[in-house]
Amino acid sequence: QVQLVDSGGGLVQPGGSLRLSCATSGFTLDYAAISWYRQAPGKEREKVSCISTRDGSTYYAESVKGRFTISADNAKNMVYLQMNSLKLEDTAVYYCATPRTSNCRDGADFGSWGQGTQVTVSS
């Protein structure tokens, strides 16, 4: 069965960095799309980033472009989100998710999700 376990969240100061990890199992990562979403209280869920391991293409929301970097290690079945220059508005629960396709344009609403990891940016 497809399983995603995300981790790496924590408390950081504005301008700090965190690296989130998503451990995947139950499917072949070298032909997939893995997304990172975030959900903050009072705000709509936002698709932050995505990587298609099929061709290496990536997607970033405008709000994080230039600050976040998504990457995949297919051999280790791992996906990462490096978050730099963190801002207060980045505070949210972050989830990795997959639509079980290799297309980052496909939403993960009907796919598989991690349990979420809390990122708090505070001074």
Side-chain angles (χ1 to χ4, degrees):
Q1 295 184 3
V2 174
Q3 185 176 19
L4 305 177
V5 180
D6 39 40
S7 61
L11 174 64
V12 297
Q13 294 184 349
S17 298
L18 284 174
R19 188 180 75 160
L20 305 184
S21 299
C22 179
T24 73
S25 62
F27 66 101
T28 301
L29 191 58
D30 61 4
Y31 197 85
I34 305 294
S35 298
W36 287 96
Y37 289 80
R38 65 186 181 188
Q39 178 75 65
K43 300 179 66 176
E44 294 185 350
R45 187 181 66 194
E46 179 184 21
K47 187 176 184 177
V48 174
S49 186
C50 180
I51 184 167
S52 172
T53 59
R54 173 177 56 84
D55 58 10
S57 62
T58 57
Y59 161 84
Y60 297 96
E62 189 66 29
S63 57
V64 307
K65 193 172 298 182
R67 300 187 296 118
F68 292 9
T69 303
I70 191 169
S71 62
D73 187 335
N74 294 354
K76 296 182 179 179
N77 296 318
M78 296 290 294
V79 178
Y80 306 97
L81 184 68
Q82 179 67 45
M83 306 185 296
N84 298 326
S85 302
L86 284 162
K87 303 176 180 180
L88 296 179
E89 53 263 42
D90 294 321
T91 296
V93 178
Y94 285 71
Y95 303 85
C96 60
T98 179
R100 304 182 189 180
T101 73
S102 61
N103 193 340
C104 278
R105 291 173 291 184
D106 294 335
D109 290 358
F110 307 107
S112 299
W113 292 72
Q115 80 284 358
T117 184
Q118 176 71 48
V119 172
T120 301
V121 184
S122 176
S123 60

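Just so you know, these numbers use all the heavy atoms, side chains as well, and skip hydrogens, waters and symmetry mates. In what follows, residues are counted from 1 in the order of the sequence shown.
With respect to C22, the side-chain contact (heavy atoms from CB on, under 4.5 Å) criterion is satisfied by exactly one of V79, L29, L81: V79. The one candidate from E89, K87, E46 that meets the side-chain hydrogen bond (donor to acceptor under 3.5 Å, both in side chains) condition with S63 is E46.
Applying the side chain to side chain donor-acceptor pair (under 3.5 Å) criterion to T117, with sequence neighbours excluded, gives no partner residue. Not counting sequence neighbours, the partners of E62 by the side chain to side chain donor-acceptor pair (under 3.5 Å) test are K65. With sequence neighbours excluded, no residue forms a ring pair (Phe, Tyr, Trp, His ring centres under 6.0 Å) with Y60.
Connectivity analysis of hydrophobic side chains (ILVMFWY, heavy atoms under 4.5 Å, direct or indirect) links Y80 to M78.
Residue Q118 holds its CD atom at 9.5 Å from CG of L11, rounded to the nearest 0.5 Å. Taken from OG1 in T24 to CG in N77, the straight-line distance is 4.5 Å, to the nearest 0.5 Å. Atom OG of S49 sits about 7.5 Å away from atom CD1 of I51, to the nearest 0.5 Å. Rounding to the nearest 0.5 angstrom, the gap separating the CG atom in L4 from the OG atom in S25 is 7.5 Å.
Each ring-ring contact (aromatic ring centres under 6.0 Å, His included) pair with one or both residues in residues 9-36, not counting sequence neighbours, would appear here, but there are none.
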Check: residues 102-112 side-chain donor-acceptor pairs under 3.5 Å, at least two apart:
| residue | atom | partner | partner atom | Å |
| --- | --- | --- | --- | --- |
| S102 | OG | R54 | NE | 2.9 |
| N103 | OD1 | R105 | N | 2.9 |
| N103 | OD1 | R105 | NE | 3.2 |
| D106 | OD2 | T101 | OG1 | 2.7 |
| D109 | OD1 | R45 | NH2 | 2.6 |
| S112 | OG | R100 | NE | 3.1 |
| S112 | OG | R100 | NH2 | 2.7 |

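Using modelled atom types, one finds no donor on one side chain facing an acceptor on the other under 3.5 Å when comparing T53 with D30.
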